[in-house]
Amino acid sequence: MAPPVDRRLLGESAPAKTHLVVAGALGTLSAVLIVAQAALLAYVIDRAAMRRATLGALEGELLALAAVLCARALIDGGFELSGRWGAARIMSELRGRLAGRLLLENPEQRPSGARTGELANTAVQGVEALEAYFAGYLPQLVLATVVPLAVIVWVTGADPVAAGILALTVPLLVLFMVLIGRGARAQAQARWRTLGLLGAHFLDVVQGLATLRAYNREDAQERTLAQVGERYRGETMATLGTAFMSALVLELCAMIGTALVAATIGVQLVDGALGLQAGLTVLLLAPELYGPLRLVGQQFHASADAATASARIFQTLDSPCALHHAAGALRPPSPALSPVRFEAVSFRYPGRAEPALERLELELRAGAITAIVGPSGAGKSTLARLLMRLADPTAGRIACGGVDLRELDLEAWRSQIAWVPQRPTLFSGTIAENIALCRPDASAAEIRAAAVAAGAGDFVAALPQGLRTPVGDGARRLSAGQAQRVALARAFLADRPLLLLDEPTAHLDEASARTISETVARLAHGRTALLIAHDPLLTELADHVHALGVGQPETSESVLARAPGAAARLVGA
C-alpha cells in the first residue's frame, strides 16, 4: 500500500518541510473558518426565519459572515499558491540533487545498470509526478485530517447522535482509501516501469536511427515501440479506472453519510429535541467534513505515483558513489609546477572480468607533453577518466605534487583541467556559447580570439550568423573537424594548466588532421599535457611517449615506428 505521506521525501527536503508546515497552518485556519461559516449562516437563518429579525438587526452577523467567506476564499487561494510554490521548490531541489549525483558518476557505474532513457525519465517525469502530490494531494490530506476533527468536535457539543454517525463513517472512508491504495501502488509501479522502458527504448532508437536504416530494421523497432506504448496506455487507463471508481464510491459513501445525518436531524427537529440553529449547523458541516476526504480519494493516485517516483529518485541518489570524497579536502597543487604520477594504478569496471588498467606506472612531467599510445582497449581513455576523477583507481594512487588526488577538493582539481575528447559534444546553443562552456562570463573578444587560435576562425566567419550560429541537437550540424576545432577553442579559452587530449585527430581526413595537430602544438605549449594518440602527427609533438598494450606491452620500436620524427623518449610500458 502506498503510504499517505512519503516520510523520507519530507524529511530530506527543507522546502518540503516548510511546505508541510505552511499547509498545516492553512489547514487549521481553514477548519476554524469552515465551522465559523456554518455556525454564522445557521444563526442568521434561524434569526431571520424563526425570530423575524430584520437585515438591520443582522448587519453585524452578515458582515462577519461575509468576512469569513472572503477569508475562506483567500485561504483556498493560499493553499493553491503555496502548493504550487512549494512543489516548484521541491522539484527544483530534487532535480539539482539528481543532476549533481549523476554528473559525479562514471557512466559505467550507473545505479542498477540504469539506461540513459530511464535516468532521464526519472529526472523529468519522475520529478514532475511530485507536483500533483505536493500541490494537490498533500494539502488535501492536511484538510482531510484537520477538518473532520474540528467538525466532529463542534458537532459533539450540538448533537452527539449526529457526531457519532460522522465519527463512524469517517473511518470507513479511510479504510476504503487504504484498500484502494493497495491496488493503486502496484498499478503505479507497473506504469512507471513501462514508461521508463518506453523512454529508454525510444532514446536508443533515435540514437541508432542511421544504423537501423542501414540494416532495414526500422519497421521492427516501430512495432516494438508501438507494443510498449500500447502497454503503457493500458496501464495508464487501468490507473485512471481505479481513480474514477474510487471517486464514485467515495461520493456514494459521503452521500449516504450526509443522508443519515440529515434523517437523524430531521427526526430530532420534529420531536423538538434539537433546535433549528444547531440542526442547520450540523447539516451545513456534514458536506464540509466529507469534502476533503472525497478530494483525497480523487487524488489518491497522485500519492501512489509520487511514492513510486520518489523510490526511483532515492534509488538513484542512494546508489554507491564511485568517487571518494575526503573530509577537509585540500587545495590542489598546480600541475604546471608539480608532476602528476600514476603509482601502481589498477582499475576494473564493474561487471568486467579483466582490468582496464593494471599496476600502471606513469609520470606526467610539469610543462611537458606526454603521449599515450596503444591499441584499442588498452585503457588509454580510462587513464584520462581517472586523471579527471570521473572514477577512482581500484588499486594504487594518482598523486600531484605527492598528494593523492582523492584527498584534493574535487571541483578545484577539475577546474585545472582542459579536456578535448575524441568525439566532442556540442550542446544546444550558439557556437559562442559552446566555446564559452568553461567560462560563461567570457567577453565576445575573448571567445573570438579562442576560435581563431583553434583554427575555427575561417569556417565560423563563413557561417551566416558567425559565432551566433545555433548548433547542437535540432540545429546546424558541424563536421567532425569543425566540432573538434570548437572543442579546442574551449580549451584555449579555459587556459588551464593541465591539458587532456583524447585522439583529437580521430575520424578526420589527412588535411584536417594536420591542421588540428598544429593547433594542438600551440595549445599544449607551456602546459602539462596528456595526449592520447594513434596518429604519428600527434606523437611527434610529444616530449615523452608511453605505450600501453593489451596482453603484451608495445615495444619501443613499434612506438617510434609510428613517430619516426619524434624527439620523444619512450617511457616504460
Can you tell me how far apart [atom1] ([X]) and [atom2] ([Y]) are? Round to the nearest 0.5 Å.
| X | Y | atom1 | atom2 | value |
| --- | --- | --- | --- | --- |
| C253 | L293 | SG | CG | 10.5 Å |
| L289 | I34 | CG | CD1 | 9.5 Å |
| I45 | L276 | CD1 | CG | 8.0 Å |
| L405 | M388 | CG | CE | 12.5 Å |

Does the [X] side chain pair with the main chain of [Y], one donor and one acceptor, at a distance under 3.5 Å?
| X | Y | value |
| --- | --- | --- |
| S30 | G27 | no |
| R389 | W413 | no |
| Q416 | P333 | yes |
| D392 | R406 | no |
| R496 | A491 | no |

Listing, residues 63-79 side-chain donor-acceptor contacts under 3.5 Å, not counting sequence neighbours, or none:
{"residue": "R72", "atom": "NH1", "partner": "Q37", "partner atom": "OE1", "Å": "3.1"}
{"residue": "R72", "atom": "NH1", "partner": "E288", "partner atom": "OE2", "Å": "3.1"}

The criterion is side chain to side chain contact (heavy atoms under 4.5 Å, CB included); which residues satisfy it with [X], sequence neighbours excluded?
| X | value |
| --- | --- |
| V403 | L330, E407, L408 |
| P421 | W419, P424 |
| V32 | none |
| A38 | T281, L284, L285 |

Any [X] side-chain heavy atom under 4.5 Å of [Y] side chain:
| X | Y | value |
| --- | --- | --- |
| V261 | V282 | yes |
| Y43 | L41 | no |
| R47 | Q277 | no |
| Q465 | P470 | yes |
| L467 | I435 | yes |
| L26 | S82 | yes |

Of the non-hydrogen atoms in [X] and [Y], which two are nearest, and what is the gap between them?
| X | Y | result |
| --- | --- | --- |
| L280 | A42 | CB-CB, 3.8 Å |
| I447 | A436 | CD1-CB, 3.8 Å |
| L386 | A391 | CD2-O, 3.5 Å |

Residue of the set V267, D271, I265 for which side chain to side chain contact (heavy atoms under 4.5 Å, CB included) holds with L269: I265
side-chain contact (heavy atoms from CB on, under 4.5 Å) assessment of V151 paired with V147: CA-CA 6 Å; V151 169; V147 171; 4.0 Å; yes
Test side chain to side chain donor-acceptor pair (under 3.5 Å) applied to E230 - qualifying residues, sequence neighbours left out: R233
Taking side chain to side chain donor-acceptor pair (under 3.5 Å) as the test, write out the residues that go with R231, two or more places apart. T194
Identify all side-chain donor-acceptor contacts of residues 154-178 below 3.5 Å with residues at least two apart in sequence or on another chain.
{"residue": "T156", "atom": "OG1", "partner": "I152", "partner atom": "O", "Å": "2.6"}
{"residue": "D159", "atom": "OD1", "partner": "V161", "partner atom": "N", "Å": "3.3"}
{"residue": "D159", "atom": "OD1", "partner": "Q268", "partner atom": "NE2", "Å": "3.2"}
{"residue": "D159", "atom": "OD2", "partner": "Q268", "partner atom": "NE2", "Å": "2.8"}
{"residue": "T169", "atom": "OG1", "partner": "I165", "partner atom": "O", "Å": "3.1"}
{"residue": "T169", "atom": "OG1", "partner": "L166", "partner atom": "O", "Å": "3.1"}
{"residue": "T169", "atom": "OG1", "partner": "Y290", "partner atom": "OH", "Å": "2.6"}

Please list all pairs passing the side-chain hydrogen bond (donor to acceptor under 3.5 Å, both in side chains) test where one or both residues lie in residues 139-150, with sequence neighbours left out. none
Listed partners of R468 passing salt bridge (charged side-chain N to carboxylate O under 4.0 Å, His left out), at least two apart: none
Steps toward side-chain contact (heavy atoms from CB on, under 4.5 Å) verdict (L62, V44): CA-CA 7 Å; L62 290 172; V44 169; 4.0 Å; yes
side-chain contact (heavy atoms from CB on, under 4.5 Å) between L426 and I431, worked out: CA-CA 8 Å; L426 297 185; I431 292 178; over 6 Å; no
